[in-house]
Each structure stands twice: as structure tokens, then as C-alpha cells.
**Student:** 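If you scroll down you'll find the structure; I have some questions about it.
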Amino acid sequence: MAKLNRWRAAGLLVLAGALVASPLQMGSDGEMAEADSDYVALTAQVNDILQDESLDGALAGVSIRKADSGEKIYDHFGDIRLKPASNMKLFTMSAALETLGEDHRFSTELHTDGELKGKVLGDPTLLEEDFERFAKELKAQGIHKVKGDLIGDDSWFDDERLSEDMTWKNEVYYVGAQVSALTASPNKDYDAGAIIVEANAGEAAGDEVRVSLSPETDYVTITNNAQTVAAGEPKTLSITRDHGTNEIIVEGNIPEQGSRTREWIAVDEPSGYALSLFEKALDKEGVELIGNSETVMGVTPPDSRMLLEHQSMTLAELSIPFMKLSNNGHGEALAKQMGRVVNGEGSWEAGLEVMEETAGKLGVNVDTIHLRDASGMSHVNLIPANEISQLLAGAQEEPWFDAFLESLPVAGASERFVGGTLRNRMKGTAAEGNVQAKTGSLSSVSSLAGYATTQDGERLVFAIILNNDLANVTPIENAIAEAIAGYQAE
């Protein structure tokens with residue numbers, strides 16, 4: 001962490017010298033407030049951390065509560081609305097567990113009325129192997145030819161593919177993938193609506209770069225303008241997608257024996273992507289589309305009969321890749337699923353309404369929050385640190401809390417689906433294996449919120465939101481979490 005400067009303010013409204021280590025803390029209104037007598041040393045330590053010069057010109061909202069009572073013991077601009085980044089997923093996950101339930105599963109159905117129709121209920125976990133299993137099971141039922149259209153039904157959700165604040169730069173990558181009720185993922189991270197593009201150097205300088213896709217599909221096209229260059233020359237390779245198309249553009253250079261480049265590229269119209277994988281699987285199994293058959297999108301008629309059904313993992317199981325890896329697509333799909341199940345409409349508006357209602361049940365002051373998406377990608381989301389810590393405190397009383405807690409990344413735990421986005425942070429400190437918290441990161445936004453147990457065995461709830469920063473401020477978040485985990489009352 002950068003050298004502390006005791007005379008610089010962490011927030012824009014702090015008077016010089018107001019945050020010197022002392023038995024005081026900064027209240028939400030900027031006035032000095034009495035610190036809880038049992039946490040004077042912790043208050044002083046956090047105050048000191050917040051004077052780091054990397055926060056010059058930035059805003060810091062910090063809230064710490066007792067887990068058993070929800071009582072605030074530290075509040076630094078905790079009522080100031082700030083951009084939460086992926087701390088938004090705490091609201092999404094709690095609402096999904098509350099309204100859908102830990103055992104909720106997405107269902108993908110295969111129907112027929114003379115034509116073959118696929119219908120899906122929001123499943124973001126479909127893999128190429130699932131479509132192949134469908135094809136094998138159809139063949140096992142004695143179906144070798146299909147005379148009629150292959151139709152994909154994604155009408156469980158509305159047709160709005162991107163949340164309203166998604167930036168043009170992000171929408172071509174997996175972090176901003178389009179949301180559809182019929183979609184597919186390239187691997188078991190379940191980045192729905194994305195495809196993995198890998199580029200490797202050719203055998204010799206001057207050779208074209210070798211490009212491969214996972215899964216292999218002709219739903220996208222590759223424009224390969226990249227070249228292999230001599231060993232020692234700089235690597236300049238880039239992989240992107242042309243907006244509004246499924247043309248993936250690979251350009252730049254890779255030196256001989258240079259390391260591969262991989263990108264998770266979001267496809268345009270993921271429903272068609274999923275349907276193309278099913279068509280490919282049918283062909284692989286020798287199930288033939290005959291006549292004037294077409295592969296199109298449509299709606300499953302009410303008089304069709306179901307041939308096959310695939311059940312996804314449970315919501316509790318899905319929460320692991322969702323929260324540990326901070327999967328944006330899962331958040332947005334869950335919002336639409338909640339909207340459809342609770343309000344009869346698979347839209348962002350309906351889903352965000354459910355999220356807000358659940359937050360209110362957990363004690364959050366919903367009059368002071370502004371929700372625009374379910375992943376945290378929007379820079380228009382606004383939530384005070386005190387409301388995030390309240391959500392975390394309130395969640396402890398719910399029957400689904402164990403699943404919620406299990407979904408959070410664990411500081412310093414090297415296993416990817418345990419440590420998640422915290423697996424390389426706070427190693428060798430009191431926070432390692434102790435702090436369970438959700439990370440968040442956007443341009444000039446960083447956040448960390450969750451639970452930590454002090455050296456006295458007391459669980460505390462904390463929320464840290466840092467906005468308008470121009471430097472790496474994760475060391476500040478780490479330091480605060482480490483201070484909580486290492487705290488022992490005198």
C-alpha cells in the first residue's frame with residue numbers, strides 16, 4: 001500500500017486532519033461521531049488506512065456492523081450513494097435465493113408437433129455436450145429424420161438483449177454478453193452467450209496465425225489478419241467482434257513460439273448460437289433435417305408434446321460460478337428469471353422490482369438506492385455502503401443464508417471455485433481463509449463487502465465502496481478487511 005499521508009482527506013468533503021487516528025469516526029453527514037467504546041482501536045486503524053494518498057480526490061464509503069445485532073460500529077460517508085460495481089450481485093443473489101429458492105432449476109425442453117422445437121426457461125448453463133445429449137436421446141427414441149423446421153423458442157424472456165447502460169466496448173466481450181432465455185456457454189465457467197477464441201503463432205515468421213473456436217461453430221465468421229513474426233518481436237495481437245455482426249476480427253502479430261491469446265467473445269443473438277449448436281449435434285448423430293427444413297426462431301405451440309427435458313444445476317450450485325467468478329451474465333439472467341416467475345414478465349424492469357422488494361425485506365432503505373442492472377456493470381447503479389452492510393446483516397436471518405455465504409469468495413483460498421476473485425488477495429494475513437466477501441471493479445470504481453471474524457471470534461459485517469479513484473485501491477480494501485479480521489479488543 002502507498003505511504004500514508006495523515007493530513008490528506010479520503011473524501012472530498014473532509015476537513016484536513018479530521019481523520020487522524022482517534023476514538024472518533026466520520027458520520028454519514030460528515031460530522032464527527034462517537035466511536036463504539038469496544039472498537040476505538042479498530043476505528044482509529046480504519047481512519048488511518050483511509051488517509052492513503054491514493055484516495056486523493058476519491059470518495060470512500062465504509063460501513064461496519066456487528067453481525068449479531070446489525071448495529072453500526074463504523075460509518076465513513078456510509079449514506080452517500082456510490083457506484084457499487086459487482087457488489088450489486090449481493091442484491092441479485094439474495095433476491096434469487098429468496099424468491100426462486102435454493103433448489104430452483106432452469107428447464108430446457110424439446111417439443112414436437114411435427115416440427116422440432118426447443119424451449120428454454122432461462123438456462124445459462126447449457127453446454128455443447130447438453131445439445132449432443134439431446135441429439136443422442138432423440139436418436140435412441142428412433143428419430144432419424146426430421147421433416148419440418150427446427151425452431152428455437154426464447155420467449156420466456158423479452159427480446160431486450162442488453163441492459164440499458166452497457167457500453168459499446170464491453171458488449172463484444174463475455175462481460176457484456178447479450179441475455180436470452182435460449183443461450184449456450186463455452187465451458188463450465190458458464191459464460192452464457194460467449195465463445196472462446198484462441199490464437200496461436202504459426203510455425204514460422206510470415207505464417208498466418210492459427211485461430212480456433214470453442215465450441216466449434218459456423219455461427220460466427222473469422223477474419224484473420226494476424227501474422228506470425230520473428231521471435232523477440234513485440235506481441236500486438238487483438239481479438240474482437242465487429243458491432244452488430246458475428247464477424248470476429250483477429251489482427252496484429254504473435255512472435256514465433258509466443259504465448260497464445262484467448263478471448264471470450266460475446267456472440268450477437270445468442271438464441272441463434274444455441275440453436276446452431278443443436279443443429280450441429282443432430283448432424284453429428286445422423287439425425288437428418290429433410291425437405292425444406294429451416295432453422296428459425298419462433299414460439300412453441302400449446303398443442304405440442306414434450307420429447308425431452310434437461311434440468312440445470314440448482315440455484316445454490318449455480319451461485320458458486322456466479323458469485324465466486326462474478327459472472328455478469330448469470331446476474332442478468334437471474335433478474336429476468338425473477339421477473340418472469342414473480343411478476344409474469346421476463347424483463348429487467350420486472351426483475352429489478354423483485355430485487356428492490358427483497359432488499360426492503362432485509363432492512364435496506366430502498367428509497368436511497370438506485371438499481372439499473374443485476375450485474376453491477378452499470379455506472380448508474382447507486383447504493384450507499386450502509387445499505388450494502390444492512391443487506392448482509394439482514395441476510396443472516398434467512399433460511400438460505402448458508403448458501404449465500406458459501407457463494408462468496410474466500411480471501412487467499414487458492415482453489416478457484418473457493419477463493420474466486422479473492423484467491424490471490426490477503427494471503428498470509430488474518431483475513432486469509434476468514435474474510436468471505438464480494439469484490440467489485442469498474443473503471444474508477446472498486447468495492448468489497450462481506451463478513452470477517454475478529455480475533456475475539458466475533459463476526460462483523462463490512463462494506464467498502466471506493467469511487468472516482470485513479471489508482472489501484474484494492475490494497476486499501478485489503479487493509480481494512482485485514483484490520484477487521486486481525487482486530488482484538490483490548
**Student:** Would you please name every residue forming a side chain to side chain donor-acceptor pair (under 3.5 Å) with Glu477, sequence neighbours left out?
**Tutor:**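 For Glu477, the residues satisfying side chain to side chain donor-acceptor pair (under 3.5 Å) (neighbours in sequence not counted) are Arg425, Ser446.
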
**Student:** Mind running side chain to side chain contact (heavy atoms under 4.5 Å, CB included) on Trp348 and Leu371 for me, showing each step along the way?
**Tutor:** CA-CA 10 Å; Trp348 268 291; Leu371 310 183; over 6 Å; no

**Student:** Tell me whether Gln178 contacts the main-chain N or O of Glu269 through its side chain, where contact means a donor paired with an acceptor under 3.5 Å.
**Tutor:**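 Checking the backbone N and O of Glu269 against the side chain of Gln178, a donor-acceptor pair under 3.5 Å is found.
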
**Student:** Among Asn87, Ile476, Leu422, find the residue that satisfies the side-chain contact (heavy atoms from CB on, under 4.5 Å) test when tested with Leu448.
**Tutor:** Leu422

**Student:** Determine whether a donor-acceptor pair (N or O, by modelled atom type, separation under 3.5 Å) exists between the side chain of Gln455 and the backbone of Ala485.
**Tutor:** yes

**Student:** With no hydrogens and no angle check, is any side-chain donor or acceptor of Ser375 less than 3.5 Å from a backbone partner on Gly331?
**Tutor:**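 No, the answer is negative, given that no donor and acceptor are paired below the 3.5 Å cut-off.
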
**Student:** Please check if the number of heavy atoms outside Lys136 that lie under 6.0 Å from its NZ is greater than 12.
**Tutor:**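 Result for NZ/Lys136: open.
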
**Student:** With sequence neighbours excluded, tell me which residues meet salt bridge (charged side-chain N to carboxylate O under 4.0 Å, His left out) with Arg340.
**Tutor:**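 By the salt bridge (charged side-chain N to carboxylate O under 4.0 Å, His left out) rule, Arg340 matches no residue at all.
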
**Student:** Can you tell whether the side chains of Lys284 and Glu132 come within less than 4.0 Å, N to carboxylate O?
**Tutor:**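 Salt bridge flag = yes for Glu132 with Lys284.
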
**Student:** Salt bridge (charged side-chain N to carboxylate O under 4.0 Å, His left out) with Lys89: which residues, sequence neighbours excluded?
**Tutor:**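 Salt bridge (charged side-chain N to carboxylate O under 4.0 Å, His left out) check on Lys89 returns nothing, list empty.
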
**Student:** How about Asn327 and Tyr174: does a side-chain donor come under 3.5 Å of a side-chain acceptor?
**Tutor:** no

**Student:** Could you pull out all residues at least two apart from Ser389 that satisfy side chain to side chain donor-acceptor pair (under 3.5 Å)?
**Tutor:** Ser63, Arg65

**Student:** Say whether Ser347 and Glu349, considering side chains only, have a donor N or O and an acceptor N or O under 3.5 Å apart.
**Tutor:**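 Not at all, the side chains of Ser347 and Glu349 share no donor-acceptor pair under 3.5 Å.
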
**Student:** Kindly check if the number of other-residue, nucleotide or ligand heavy atoms within 6.0 Å of CD1 (Ile222) is above 12?
**Tutor:** yes

**Student:** Just by distance, with hydrogens left out, do Lys83 and Ser447 show a side-chain donor and acceptor under 3.5 Å apart?
**Tutor:** no

**Student:** Verify, without hydrogens or angle tests, whether Asp165 (side chain) and Met377 (backbone) share a donor-acceptor contact under 3.5 angstrom.
**Tutor:**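 No.
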
**Student:** Please lay out, stage by stage, how Lys280 and Glu216 fare under the test salt bridge (charged side-chain N to carboxylate O under 4.0 Å, His left out).
**Tutor:** CA-CA 10 Å; Lys280 175 187 170 185; Glu216 287 291 339; over 6 Å; no

**Student:** For the backbone of Ala452 and the side chain of Asn434, can you confirm whether one donor and one acceptor N or O come within less than 3.5 Å of each other?
**Tutor:** no

**Student:** For the side chain of Asp103 and the backbone of Arg105, is there at least one donor-acceptor N/O pair under 3.5 Å apart?
**Tutor:**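 No: the side chain of Asp103 does not pair with the backbone of Arg105.
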
**Student:** For Asp191 versus Pro186, what's the shortest heavy-atom pair and its separation?
**Tutor:** O-CD, 3.3 Å

**Student:** Applying side chain to side chain donor-acceptor pair (under 3.5 Å), can you list everything that pairs with Thr167, at least two apart in sequence or on another chain?
**Tutor:**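 For Thr167 the side chain to side chain donor-acceptor pair (under 3.5 Å) partners, ignoring immediate neighbours, are Asn170.
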
**Student:** Looking only at atom types and distance, does a side-chain atom of Gln337 sit under 3.5 Å from a main-chain N or O of Ala333, one as donor and one as acceptor?
**Tutor:** no

**Student:** Considering residues at least two apart in sequence or located in another chain, which fulfil the salt bridge (charged side-chain N to carboxylate O under 4.0 Å, His left out) criterion with Glu171?
**Tutor:** none

**Student:** Please list, chain by chain and in numerical order, all residues satisfying side-chain contact (heavy atoms from CB on, under 4.5 Å) with Val172, sequence neighbours excluded.
**Tutor:**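 With neighbours one apart ignored, the set is Thr240, Arg241, His243.
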
**Student:** Measure the spacing between CG of Leu97 and CG of Leu315 and express it to the nearest 0.5 Å.
**Tutor:**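 With rounding to 0.5 Å, CG (Leu97) is 5.0 Å from CG (Leu315).
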
**Student:** Residues in salt bridge (charged side-chain N to carboxylate O under 4.0 Å, His left out) with Glu164, at least two apart?
**Tutor:** Arg372

**Student:** Taking the side chain from Asp130 and the backbone from Leu127, do they hold a donor-acceptor pair closer than 3.5 Å?
**Tutor:** yes

**Student:** May I ask you to say whether Glu387 pairs ionically with Arg81, meaning some side-chain N is under 4.0 Å from a carboxylate O?
**Tutor:**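 No salt bridge links Glu387 with Arg81.
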
**Student:** CG of Asn365: more than 12 outside heavy atoms within 6.0 angstrom?
**Tutor:**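 Result for CG/Asn365: enclosed.
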
**Student:** Quick check against the 3.5 Å criterion: does Thr421 have a side-chain atom that pairs as donor or acceptor with the backbone of Leu325?
**Tutor:**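 Not confirmed, Thr421 side chain does not pair with Leu325 backbone.
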
**Student:** Kindly list each side-chain donor-acceptor pair under 3.5 angstrom involving residues 401-417, sequence neighbours excluded, with atom names and distances?
**Tutor:**
| unit_1 | atom_1 | unit_2 | atom_2 | d |
| --- | --- | --- | --- | --- |
| Ser407 | OG | Phe404 | O | 2.6 |
| Arg416 | NH1 | Asp189 | OD1 | 2.9 |
| Arg416 | NH2 | Asp189 | OD2 | 2.6 |

**Student:** Any idea which heavy atoms bring Phe131 and Thr183 closest together, and the distance?
**Tutor:** CZ-O, 4.3 Å

**Student:** Ala199 and Val250: which non-hydrogen atoms are nearest, and at how many Å?
**Tutor:**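 Shortest heavy-atom contact: CB-CG1, 4.4 Å.
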
**Student:** For the atom pair OG1 (Thr314) and CD (Glu102), what is the distance rounded to the nearest 0.5 Å?
**Tutor:** 8.0 Å

**Student:** Let me check something: any side-chain donor-acceptor pairs from residues 352-362 under 3.5 Å, sequence neighbours excluded? List them with distances.
**Tutor:**
| unit_1 | atom_1 | unit_2 | atom_2 | d |
| --- | --- | --- | --- | --- |
| Thr358 | OG1 | Val354 | O | 3.1 |

**Student:** Checking Tyr451 side chain against Leu392 main chain: does a donor-acceptor pair fall under 3.5 Å?
**Tutor:**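 It does hold such a pair.
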
**Student:** So, using ring pair (Phe, Tyr, Trp, His ring centres under 6.0 Å) as the criterion, who are the partners of Tyr273 when residues are at least two apart?
**Tutor:** none

**Student:** Testing the 3.5 Å rule here: is there a donor-acceptor pair between the side chains of Ser326 and Ser86?
**Tutor:**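 There is such a pair between these side chains.
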
**Student:** Hey, could you give me each pair passing salt bridge (charged side-chain N to carboxylate O under 4.0 Å, His left out) that has a residue in residues 315-333? Not counting sequence neighbours.
**Tutor:** none

**Student:** Please work out whether the ring planes of Tyr190 and His330 are parallel, tilted or perpendicular, with thresholds of 30° and 60°.
**Tutor:**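 Judged by the thresholds at 30° and 60°, the geometry between Tyr190 and His330 is tilted.
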
**Student:** Hey, is CD on Glu397 packed in by over 12 heavy atoms from elsewhere, all under 6.0 Å?
**Tutor:** no

**Student:** Between the side chains of Asp268 and Asn246, does any donor sit under 3.5 Å from an acceptor?
**Tutor:**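 Absent: no donor and acceptor within the cut-off.
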
